[in-house]
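All ligand and atom numbering here is 1-based and tracks the order in the structure.
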Amino acid sequence: MEPKKILITGGLWYIGSHTAVLFSQAGYDIVLLDNLSNTHKDEVLSSLKILTNKDIPFVEGDVRDYDFLDQLFEKEQFDWVIHFAAKKAVGESCSDPFLYYDNNISWTITLLEIMDKHNVKNLIFSSSATVYDAEKNIPPFTETDRLNTTNPYGTTKLVMEFLLKDMAQHRNFEVICLRYFNPIGAHHSGLLGENPKGIPTNLLPFILRVAKKEIEKITVFWDDYPTPDWTCIRDYIHIEDLAQAHLQSYEYLYHKKEIKANSEEEITTPSFEVFNIWTWNWKSVKEMLSIAETVVGEPINFEIGERRDWDVASSVANPIKAKQVLGWEPKKTIVEAVEDAWNFYNNHKEENK
Ligand code: WQD
C-alpha cells in the first residue's frame, strides 16, 4: 500500500490513543492532534513510545483554530483524517448544550473546511449509536434504522454525520462513520486505558474507584427499567476491539479507493458508509457490577438512586454489516475488558486523581 499520512484528532484521548497504537504498529505514518482537555499527555506519549518503539508525532492544538489547522495541513500534507476529537459526556451535554454545539459541531465544520481546502477527502468518523431513535426502532438497531436524538450530545453526532454526508455527496469526500456506544477496558499491556481528568462519569471507571475504596459507593441510576433485572442494558466493547474496527475501516476504504482508481469502468460504490461496531455482549448495570466483583475479588458497594433523564432502558445494535463488509468482529470478552481496566487502574492509580 502506498504510504499515506493520517491525522488522528483526539489522538491522545482514550479511543484515539488505542487506535494510534494499532496504526503505528501496522506501519502507518500518523500524526496525533489533541487539545489535552481530557488526557494526560506525558503518560500517554511515553506509553505509546513503549508500545510502538516510535516517537509518534504529537501536535497540541484545537481543531476549532482555523489558522492553526490550515498551517498544520500545509506543513504535513495529510491524506486521511480519523476524527475522534469531541466532547462525549451525555449528562454534561444536557446541562451545557452550547458547549457541545460549539465543540463538536464547530470543530467538525472547521476541520472539514480545512480538509476541503487542502484536498484531503478521506475521513473515518467516530460516531455514536445515540443517533438511533431508541423509541421508534426495535433493537437491535441496523444502520438503516430511523435516526433521532434525545440529548444534545447525540444531536451533535447526528449533525456531524449529516455534514459528512453532504461532503460525500457534494465535495467528493469518502467517509466511514462508525457507530458504537460503550467502549470499556484498557490495552492488554496495562500501559494505556481510560483515564479521564477529574471524576469519571462512565460506569466502569466509577466502579473501579469504588473497588479501590477511593469512592464509598456507586449509585445505580434506577432499577425499574423494562429489562430482565430492571437495570439499563448496554453493549460494552473492549477498547482494543474498537481500535481494530478503525484500522479495518481504513484498510477497507483504502482498498475500495484503489479498486475505483484502477478500474476502467465507472464504479459507483457509496462514498458515505455507516457501520455498527458492536459485540452482541449486552450487559445490564447489575451484570457489570457482578463481573467487576468477580474480577476485583470483593463486593462493590452500591445503592439504587434516581434515574438519569437521558438514559434509555437498552441501546443495542446489529453488527452484522461490519462483519460482512469490513471483516470485523470483536475478539475480546467483557470479562477481559474489566480485567484489563482493573490492571491499568492498578498500574496508574496515582495519575487517576
Ligand atoms: C452506562 C450505564 C447508566 C454510571 C455512553 C458513553 C457516551 C456515549 C453514549 C458513544 C447506564 C449506568 C453509570 C453510574 C450507573 N458513547 N450508570 N451509575 O450513559 O451509556 O453513555 O454512551 O457515543 O460517551 O459514555 O454510559 O457509562 O455513563 O452508563 O448506574 O455511576 O451505567 O445509567 O445505564 P452511557 P455510562
Side-chain angles (χ1 to χ4, degrees), residues 10 13-16 38 83-95 100 103-104 125-132 134 139 141 147 149-161 177-185 194 196 198-211 214-237 239 242 245-246 274-279 281-292 300-317 334 337-338 341:
W13 177 55
Y14 179 38
I15 310 176
N38 193 18
H83 186 32
F84 291 109
K87 286 194 165 295
K88 58 105 187 170
V90 180
E92 183 185 49
S93 80
C94 296
S95 49
Y100 276 66
N103 273 271
N104 294 2
F125 175 53
S126 164
S127 188
S128 165
T130 196
V131 303
Y132 288 116
F141 309 139
L147 305 178
T149 61
T150 57
N151 59 74
Y153 163 77
T155 301
T156 66
K157 286 291 183 178
L158 188 52
V159 168
M160 288 152 95
E161 283 201 13
C177 287
L178 300 182
R179 290 177 184 161
Y180 44 91
F181 221 56
N182 297 74
I184 60 168
E194 187 172 14
I199 298 286
T201 56
N202 290 125
L203 179 67
L204 186 57
F206 216 104
I207 287 175
L208 298 183
R209 295 225 175 154
V210 174
E214 287 169 13
I215 297 173
E216 190 214 340
K217 61 189 163 200
I218 184 168
T219 303
V220 173
F221 296 129
W222 214 36
D223 64 347
D224 195 18
Y225 284 98
T227 65
D229 69 8
W230 313 105
T231 61
C232 292
I233 289 172
R234 293 287 183 277
D235 183 286
Y236 296 95
I237 180 169
I239 187 68
L242 182 57
H246 288 80
V274 177
F275 296 95
N276 289 331
I277 301 302
W278 290 64
T279 70
N281 288 328
W282 313 328
K283 292 286 176 234
S284 71
V285 177
K286 281 196 174 160
E287 286 172 320
M288 289 299 285
L289 281 171
S290 132
I291 291 170
I300 303 285
N301 191 13
F302 75 92
E303 65 178 358
I304 301 296
E306 285 307 304
R307 66 170 294 175
R308 300 187 304 189
D309 57 17
W310 63 84
D311 272 330
V312 292
S314 71
S315 179
V316 288
I334 289 187
V338 178

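Of the protein's heavy atoms, C232 CB, 2.9 Å lies nearest to atom 34 (O) of ligand 1. The protein atom (non-hydrogen) at minimum distance from atom 12 (C) of ligand 1 is V285 CG2, 3.7 Å. At the shortest separation from atom 18 (N) of ligand 1 among protein heavy atoms lies T219 O, 2.7 Å. Of the protein's non-hydrogen atoms, the one nearest atom 25 (O) of ligand 1 is N202 ND2, 2.4 Å.
Inclusion of N182 in the set of residues having an N or O under 3.5 Å from an N or O of ligand 1 is warranted.
A donor-acceptor pair shorter than 3.5 Å cannot be found between the side chains of Y153 and E92. For Y14 and N202, the side-chain atoms include no donor-acceptor pair closer than 3.5 Å.
For the residues K217, R308, K283, the heavy atom positioned nearest atom 29 (O) of ligand 1 is part of R308. Between atom 30 (O) of ligand 1 and the options Y14, W310, F221, the minimum heavy-atom separation is to F221. When the options Y153, F181, Y236 are ranked by their closest heavy atom to atom 22 (O) of ligand 1, first place goes to F181.
Within the 4.0 Å heavy-atom criterion, both parts of L203, backbone and side chain, lie near ligand 1. Counting heavy atoms closer than 4.0 Å to ligand 1, residue D311 contributes side-chain atoms (C-beta onward) but none from N, CA, C or O. Under 4.0 angstrom from ligand 1, the non-hydrogen atoms of I218 all belong to its side chain.
Contact atoms of ligand 1 toward T201: 4 (C), 28 (O) (distance under 4.0 Å to a heavy atom of the residue). Residue S128 has at least one heavy-atom neighbour below 4.0 Å for each of these atoms of ligand 1: 10 (C), 23 (O). For ligand 1, the atoms sitting less than 4.0 Å from at least one non-hydrogen atom of K88 are 7 (C), 24 (O), numbered in the order shown with element in parentheses. For ligand 1, the atoms closer than 4.0 angstrom to any heavy atom of R234 are 20 (O), 34 (O).
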R179 and F141: CA distance, side-chain angles, deciding distance, side-chain contact (heavy atoms from CB on, under 4.5 Å) verdict: CA-CA 11 Å; R179 290 177 184 161; F141 309 139; over 6 Å; no
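Surrounding CD of E303 are more than 12 heavy atoms belonging to other residues, nucleotides or ligands, all under 6.0 Å away.
Annotation: side chain of V312 is in contact with side chain of R234 (closest heavy-atom distance under 4.5 Å). Put simply, the side chain of I239 does not reach to within 4.5 Å of the side chain of E194, judged on heavy atoms.
Considering only residues two or more places apart in sequence or on other chains, N104 meets the side-chain hydrogen bond (donor to acceptor under 3.5 Å, both in side chains) condition with T156. Evaluation of the side-chain hydrogen bond (donor to acceptor under 3.5 Å, both in side chains) rule for H83 yields T9, T108 as partners, not counting sequence neighbours.
Under the 4.0 angstrom criterion for non-hydrogen atoms, V220 is in contact with ligand 1. Distances shorter than 4.0 angstrom do not occur between any heavy atom of F302 and any atom of ligand 1. Within the structure, the closest approach of Y180 to ligand 1 falls below 4.0 Å when heavy atoms are considered.
Although no hydrogens or angles enter the test, the distance criterion places no donor-acceptor pair under 3.5 Å between the side chain of Y100 and the main chain of C94. Judged by distance alone, with hydrogens and angles left aside, the side-chain atoms of D235 form a donor-acceptor pair with the main-chain N or O of T279 at under 3.5 Å.
A distance of 9.5 Å separates CZ of F181 from OH of Y236, quoted to the nearest 0.5 Å.
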